[in-house]
Amino acid sequence: MKITDNLNPKQLEAVQTLEGPLLILAGAGSGKTRVLTHRIAYLMYEKNVYPNNILAITFTNKAAKEMRERLEKLIKQSVDNLWVSTFHSACVRILRREIEVLGYTSNFVIYDNADQQTLIKMILKDMNLDEKKYTPRSIITQISSYKNELKSPTSAKKTAENYYDEVTCDIYEKYQTRLKENNAVDFDDIIMLVVLLFQKDKEILQKYQERFKYILVDEYQDTNTCQYMLIKLLAEKHHNLCVVGDDDQSIYGWRGADIRNILNFENDYQNTKIIKLEQNYRSTQTILDAANGVISNNSDRKSKSLWTDQSGGDKVYLHTAHDELSEANFISRKIREMSKENSLGFNSFAVLCRTTVQFRAIEDGLIRNQIPYRIIGGTKFYDRKEIKDVLAYLKILVNPADEISLKRVINTPKRGIGDTTWDHLKRHATNKNITVFEALNTPEEAGVSSRATNPIKNFKKIMDEFIILSKKTDITNLTNTILADTGYIEELEAEKTIEAATRVENIKEFLSVTLDYDTKNPGGDLETFTAEISLFTDIDNYDQNEEAISVMTIHAAKGLEFPTVFIAGLEEGIFPHIRSINSGNNTELEEERRLCYVAITRAREKLFLTNAWSRMIFGRSTSNAKSRFLDELPLELIESEARIKTKATFTKNVETQIVTKTCNSSYDVGGKVEHQKWGIGVIVSVKGSGEDAELNVAFPDLGIKKLIAKYAPISII
DNA sequence: TACGTTGGACTTTTT
DNA sequence: GTCCAACGTA
């Protein structure tokens with residue numbers, strides 16, 4: 001069998017066009033991974049390109065793993081020196097070798113979101129800034145987008161438009177300094193630093209340019225400026241760059257992904273060849289029509305129309321439930337019914353949600369109906385407190401300069417080393433220009449209370465022992481020793497609560513991860529292990545063959561497919577998300593629409609859409625209008641039970657309304673407002689004032705709606 | 001220093 | 001409804 005067998009003409013062309021820039025516009029389900037793997041095989045076997053001259057980049061480890069597996073299956077052997085990896089892990093590999101040029105050392109650690117947050121909080125405290133005004137979360141987002149745009153603190157400050165931005169840039173500068181002092185990098189640094197490295201040291205750049213003669217990038221529509229630049233630098237020499245993507249599936253704009261990277265590819269690279277893959281092998285015609293119906297409402301797309309030879313198919317089923325619990329119930333019952341009738345495995349079903357908060361209700365319903373499920377996303381395994389604690393211990397052993405991890409575990413389990421003591425140690429370390437870890441050697445000099453000196457010395461002593469041990473034993477043994485010698489497990493077991501028992505269970509699971517790593521990488525080092533863990537996500541572990549239904553966010557579902565898909569919460573405010581409606585700009589709404597397109601195209605045969613009349617948000621019941629995306633679906637594709645809005649549903653709610661006192665706001669009880677969609681209504685209660693006011697407004701025939709003055713499209717009459 | 005209580009603020013999506 | 005920071009108490 002030849003490598004090029006079983007490819008359609010377009011796919012074949014994409015596989016055989018090897019020299020020069022190539023843009024493959026691959027619609028959902030058009031055999032994109034197939035093309036990429038065949039292309040790599042073709043390079044190796046038909047053109048005798050060495051595997052180490054090829055670089056294939058994906059966004060998730062799962063995609064990388066899958067690509068490698070499919071390639072090895074195709075060529076019936078394993079390839080070692082071929083780089084198939086994510087942006088992040090490829091860049092970590094490069095940094096491990098070259099980072100010293102930038103003044104870090106090669107044992108750097110990676111800070112995740114929570115670590116970033118801790119560091120930002122420390123800096124805010126140092127700078128005497130109010131956490132309420134400068135929320136760590138928004139600061140981090142801002143810094144992240146600066147980095148994604150390759151802006152240094154100095155260059156960012158030049159574009160600052162107001163005082164707040166200027167302060168943010170100051171924080172950014174301090175943050176970057178502290179990271180370097182801790183010999184740590186955050187997720188964005190991983191890629192940005194490689195770009196800076198390449199720009200600084202042409203020799204290093206040339207080395208990698210020379211090595212990677214053929215570059216392939218998957219999901220190109222999701223690249224940000226920084227990733228774009230990285231690829232541009234690498235491909236500058238040979239121009240053999242093949243990017244695959246679908247502008248309709250660009251859903252990471254909020255993370256800095258710039259859809260223009262794919263839209264302008266042909267202008268960026270001269271003599272670009274464009275190949276469109278439009279035949280869909282996944283879904284029925286009905287599902288494709290539904291998806292096209294929605295996405296056609298977006299402007300600024302590359303024209304493309306998916307087609308399939310699987311005509312017809314079941315209609316899209318729409319169900320409106322009373323609230324989120326009955327929505328979950330409907331989904332669960334339907335799954336039970338269908339799996340029984342058609343003897344389908346539970347892994348044929350997926351429930352997709354816009355946000356993770358929706359998971360709780362869905363989970364409830366599935367448990368009540370005894371349906372095996374697993375949740376992908378939400379609180380991640382590696383985000384759990386106990387796992388982060390253990391990892392923090394390991395990270396200090398790799399890199400004792402890592403202050404964030406040190407602060408995390410210095411008093412976990414409790415040893416009587418509190419915040420005051422920490423402050424003393426930190427001040428002393430700063431004065432003497434040493435790390436806090438080193439300062440632990442001389443607590444007396446640091447001026448800590450006499451009560452704390454012994455605990456500090458004991459702590460330092462076991463940590464030093466762990467460092468020695470880490471050099472001569474495997475990670476499982478090391479972790480076990482840490483858990484025992486620090487008394488961590490003991491403290492948990494003494495608690496005798498269900499919660500503590502779960503934590504112990506989680507730690508055991510972590511130990512099975514370390515064991516797996518030790519077995520697969522004999523003599524493997526701690527640095528690599530901790531870095532790999534940091535870059536690992538829930539979805540990477542995902543096994544689609546497991547007998548359970550999948551509950552996940554639409555973002556997590558990208559790249560996956562299921563025979564039956566449920567999309568829950570199709571309501572204005574949920575999907576599209578309130579923030580995109582609120583932002584008032586069309587860009588964000590279009591991204592929501594693309595998200596909807598991605599969700600729909602996950603389905604192979606059956607698609608169910610659900611929403612609810614009322615839903616608990618923020619601990620209070622809210623009614624949302626049905627999602628605008630439902631109106632965009634061609635009517636003839638939809639099947640739904642006839643449901644009439646009864647007045648009873650709403651009058652029942654009226655009794656529970658409490659009229660609060662009228663504030664001096666312009667919204668008064670008894671007053672009238674006009675709503676863009678629902679017409680004129682009477683205010684029955686007001687809570688708060690001004691734009692923050694929460695109103696209950698009665699609309700004729702619609703009942704009482706809860707509205708937030710600032711978000712709702714209303715005006716006072 | 002540790003711990004329990006309380007009041008306030010917030011919830012998009014992730015490598 | 002939940003998480004976190006701040007505060008007061010042991």
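These numbers were taken from a predicted model, which means no experiment stands behind them. Residue numbers start from 1 in every chain, and the chains themselves are labelled A, B, ... in the order their sequence lines are given, proteins ahead of strands. Note that these values count all heavy atoms, side chains included, but never hydrogens, waters or copies made by symmetry.
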Margin query: Does B:dT14 have OP1 or OP2 under 4.0 Å away from a side-chain N or O of A:T553?
Written below: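 Checking B:dT14 against A:T553, a side-chain N or O does come within under 4.0 Å of OP1 or OP2.
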Note to self: For a quick test of reading the model: is some side-chain N or O of A:T60 closer than 4.0 Å to OP1 or OP2 of B:dT14?
What the structure shows: no
Length of the [atom1]-[atom2] vector between [X] and [N], whole Å:
| X | N | atom1 | atom2 | value |
| --- | --- | --- | --- | --- |
| A:F59 | B:dT14 | CZ | P | 15 Å |
| A:L124 | C:dA5 | CG | C1' | 14 Å |
| A:E219 | B:dT14 | CD | C1' | 14 Å |
| A:F187 | B:dT15 | CZ | C1' | 6 Å |
| A:E324 | C:dG1 | CD | C1' | 11 Å |
| A:Y134 | C:dA5 | OH | C1' | 20 Å |
| A:R615 | B:dT11 | CZ | C1' | 14 Å |
| A:N624 | B:dT11 | CG | P | 19 Å |

Check: Taking the nucleotide of DNA chain B with the closest heavy atom to each, which residue, A:D188 or A:H577, is nearer the 5' end?
Finding: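 Checking each residue's closest nucleotide, the 5'-ward one belongs to A:H577.
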Check: So which one's nearest nucleotide on DNA chain B is more toward 5', A:A556 or A:I617?
Finding: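 Nearest nucleotide further toward 5': that of A:I617.
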Next item on the list: Apply side-chain contact (heavy atoms from CB on, under 4.5 Å) to A:I139 and A:I123, showing your working.
Entry: CA-CA 11 Å; A:I139 301 281; A:I123 292 168; over 6 Å; no
Answer with base, sugar-phosphate or nothing: what part of the nucleic acid does [X] contact at a heavy-atom distance below 4.0 Å?
| X | answer |
| --- | --- |
| A:R137 | sugar-phosphate |
| A:K121 | sugar-phosphate |
| A:D112 | nothing |
| A:F87 | nothing |

Closest to the [X] side chain: [options]?
| X | options | result |
| --- | --- | --- |
| A:W254 | B:dT1, B:dT15, B:dT13 | B:dT13 |
| A:R255 | B:dT1, B:dT14, B:dT13 | B:dT14 |
| A:Y252 | B:dT14, B:dT11, B:dA2 | B:dT14 |

Salt-bridged, [X] to [Y], with N to O below 4.0 Å?
| X | Y | answer |
| --- | --- | --- |
| A:R301 | A:D248 | yes |
| A:D389 | A:K385 | yes |
| A:R579 | A:E592 | no |
| A:D112 | A:K388 | yes |

Next item on the list: For the residue pair A:N224 and A:Y252, establish whether any side-chain heavy-atom pair is separated by less than 4.5 Å.
Entry: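 In short, these two side chains do not touch, never coming nearer than 4.5 Å.
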Margin query: Would you compute the distance between atom NE2 of A:H577 and atom OG1 of A:T355 and round it to the nearest 0.5 angstrom?
Written below: 6.0 Å
Next item on the list: Would you kindly say whether A:T168 and A:Y146 are connected by a side-chain donor-acceptor distance under 3.5 Å?
Entry: no
Checklist line | Under 3.5 Å donor-acceptor pair, A:N113 side-chain atoms to B:dT15 base atoms | finding: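 Present.
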Next item on the list: Please list, by residue number, the residues of residues 412-425 of chain A whose heavy atoms come closer than 4.0 Å to an atom of DNA chain B; answer none if no residue qualifies.
Entry: A:K414, A:G416, A:G418, A:D419, A:T420, A:T421
